[in-house]
Amino acid sequence: MSGVSLKNIKKSYESLQVIHGIDLTIDEGEFCVFVGPSGCGKSTLLRMIAGLEDTSSGAIHIGKRDVTNMDPADRGIAMVFQTYALYPHMTVEENMGFGLKMNGLPKAEVKEKVAEATRILQLEPYLDRKPKALSGGQRQRVAIGRAIVRGPEVFLFDEPLSNLDAELRVEMRVEIARLHKDIGATMIYVTHDQVEAMTLADKIVVLRDGIIEQVGTPLELYRNPNNKFVAGFIGSPGMNFLNATIENNTINIPALDNHTIDCDADIGAKSNKVIVGIRPQNMQISTSGAPCSVEITEQLGGVSYIYLRTPTSERIVVESKAQEDMATGSNVNISFDASTMMIFDKISEERLK
């Protein structure tokens, strides 16, 4: 296995530039997740590493090799796609070994490699089945097995769970996490689902509009986002953002009944307008506090999410461990832990505190 290094990577389609000079190092054996909204460039970047997209400028290294202009087959990578791309007329065993067979490996060696991948993915009962006789999760495990038998330096996953239902997604997340622990390979994983990113990654790369907004561990991004975009993207439900003003070392939040909070003399705001961010779990329904009206309550068993509208028409989500069922349109009061609040510049959206 090997690490991956991207140096000033750019990608353009004629006059349209979609990747804007990305520098990134992925260490050997690391599980790195590219995450971001649709159109942010995460799949394009993965395909450039795979060699399925040309690199307009910059360099891609896998281990010590410059693979920027190498064919995909020579890069030492294996890729798992959103679609399973299995041969319908072949059994599981034949699908997993087909690439090795086409490369001229002896039958005994192909059988040995397929048997090892089968053991890792617990596919022994399905070896003689064809894809139509498998569930979606089983088909994706076969696709992953086909990648494992190649013994690549780097595994690439392009939204591999998008076609699965919710229960299978959870099951396959566990499978992929276990796979990484078992084989210790370098893995790069693309998803738009930040829950997948938080549960799988050693390192998360948050992308927007072809640039990297922030790189860090899941908890680093959650606790110390650089800007409003990262703060809102990491965490589920997303962070609540409310308009506020800052004057005389005091922050005033109109949406929360003009609640005021003392702050540092100069936190670096470009104007007197700021945005405060408060996560749903740091807000509570209380007997006193800022008044809001209930829009809907989402009950998930052990936790409820209460969607509220403030008197200034801003929306707030409050997480409650109590199994509360509040009528739409009813009035409640909310309070929050000011020590957990984050402050962002209104103009640049960079985090101030």
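All values reported here derive from a predicted model rather than from experimental measurement.
- In this structure the side chain of Val4 reaches within 4.5 angstrom of the side chain of Leu6, judged on heavy atoms.
- Residues Gln138 and Arg129 approach most closely at OE1-NH1, 4.5 Å, considering heavy atoms.
- Between Met79 and Asp158, the shortest heavy-atom distance links the atoms CE-CB, 3.9 Å.
- Under a hydrophobic clustering in which Ile, Leu, Val, Met, Phe, Trp and Tyr are joined whenever their side-chain heavy atoms come within less than 4.5 Å, directly or via other members, Leu256 and Ile306 fall into the same cluster.
- Shortest non-hydrogen contact noted between Ala197 and Pro218 is O-CG, 4.4 Å.
- Here the CD atom belonging to Glu175 is positioned 10.5 Å from the CG atom belonging to Leu161, to the nearest 0.5 angstrom.
- Across every non-hydrogen atom of Leu164 and Gly137, the tightest pair is CD2-N, 3.9 Å.
- Between atom CD1 of residue Ile275 and atom CG of residue Asn243 there is a gap of 6.0 Å, rounded to the nearest 0.5 Å.
- For Glu167, the side chain to side chain contact (heavy atoms under 4.5 Å, CB included) test picks out Asp165, with sequence neighbours left out.
- Separating the CE atom in Met172 from the CZ atom in Arg169 is a distance of 11.0 Å, to the nearest 0.5 Å.
- Scanning both residues, Thr118 and Glu124, for their nearest heavy atoms gives CG2-N, 3.3 Å.
- Between Glu196 and Val35 there is no side-chain heavy-atom pair separated by less than 4.5 Å.
- Looking at Leu127 and Thr91, their side chains never come closer than 4.5 Å, going by heavy atoms from C-beta outward.
- Taken to the nearest 0.5 Å, the OG atom of Ser293 stands 7.5 Å off from the CG atom of Leu308.
- Phe157 and Leu200 fall within a single hydrophobic cluster, where Ile, Leu, Val, Met, Phe, Trp and Tyr are joined by side-chain heavy atoms under 4.5 Å apart, directly or via other members.
- Here the NZ atom belonging to Lys11 is positioned 8.0 Å from the OG1 atom belonging to Thr44, to the nearest 0.5 angstrom.
- Between Leu45 atom CG and Leu24 atom CG the span is 7.5 Å, to the nearest 0.5 Å.
- Considering every non-hydrogen atom in both Glu314 and Ala255, the closest pair reads OE2-CB, 3.3 Å.
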Review point. For Arg119 and Glu116, what are the C-alpha separation, side-chain angles and deciding distance, and is it a salt bridge (charged side-chain N to carboxylate O under 4.0 Å, His left out)?
Key: CA-CA 5 Å; Arg119 182 193 63 78; Glu116 176 63 11; 2.7 Å; yes
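- Between Asn282 and Phe336 the shortest side-chain heavy-atom distance does not fall below 4.5 Å.
- Ion pairing between Glu93 and Lys111 holds under the 4.0 Å rule for side-chain N and carboxylate O.
- Using modelled atom types and a 3.5 Å distance limit, the side chains of Glu247 and Asn252 yield no donor-acceptor pair.
- Contacts of Glu319 classified as side-chain hydrogen bond (donor to acceptor under 3.5 Å, both in side chains), with partners at least two apart in sequence or in another chain: Lys321.
- Considering only heavy atoms from C-beta on, Asn95 stays 4.5 Å or farther from Tyr84 through its side chain.
- The shortest side-chain heavy-atom distance between Lys42 and Leu46 does not fall under the 4.5 Å cut-off.
- Note on Ile334: it clusters hydrophobically with Val294, by side-chain heavy-atom contacts below 4.5 Å among ILVMFWY residues.
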Point to revise | Intermediate values then yes/no, side chain to side chain donor-acceptor pair (under 3.5 Å), Asp66 and Thr68 | key: CA-CA 6 Å; Asp66 185 340; Thr68 312; 2.5 Å; yes
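- Counting only residues at least two apart or on different chains, the ring pair (Phe, Tyr, Trp, His ring centres under 6.0 Å) pairs with a member in residues 21-50 are Phe31-His180, Phe31-Tyr189.
- Here the side chains of Arg279 and Tyr222 are in contact, with some heavy-atom distance below 4.5 Å.
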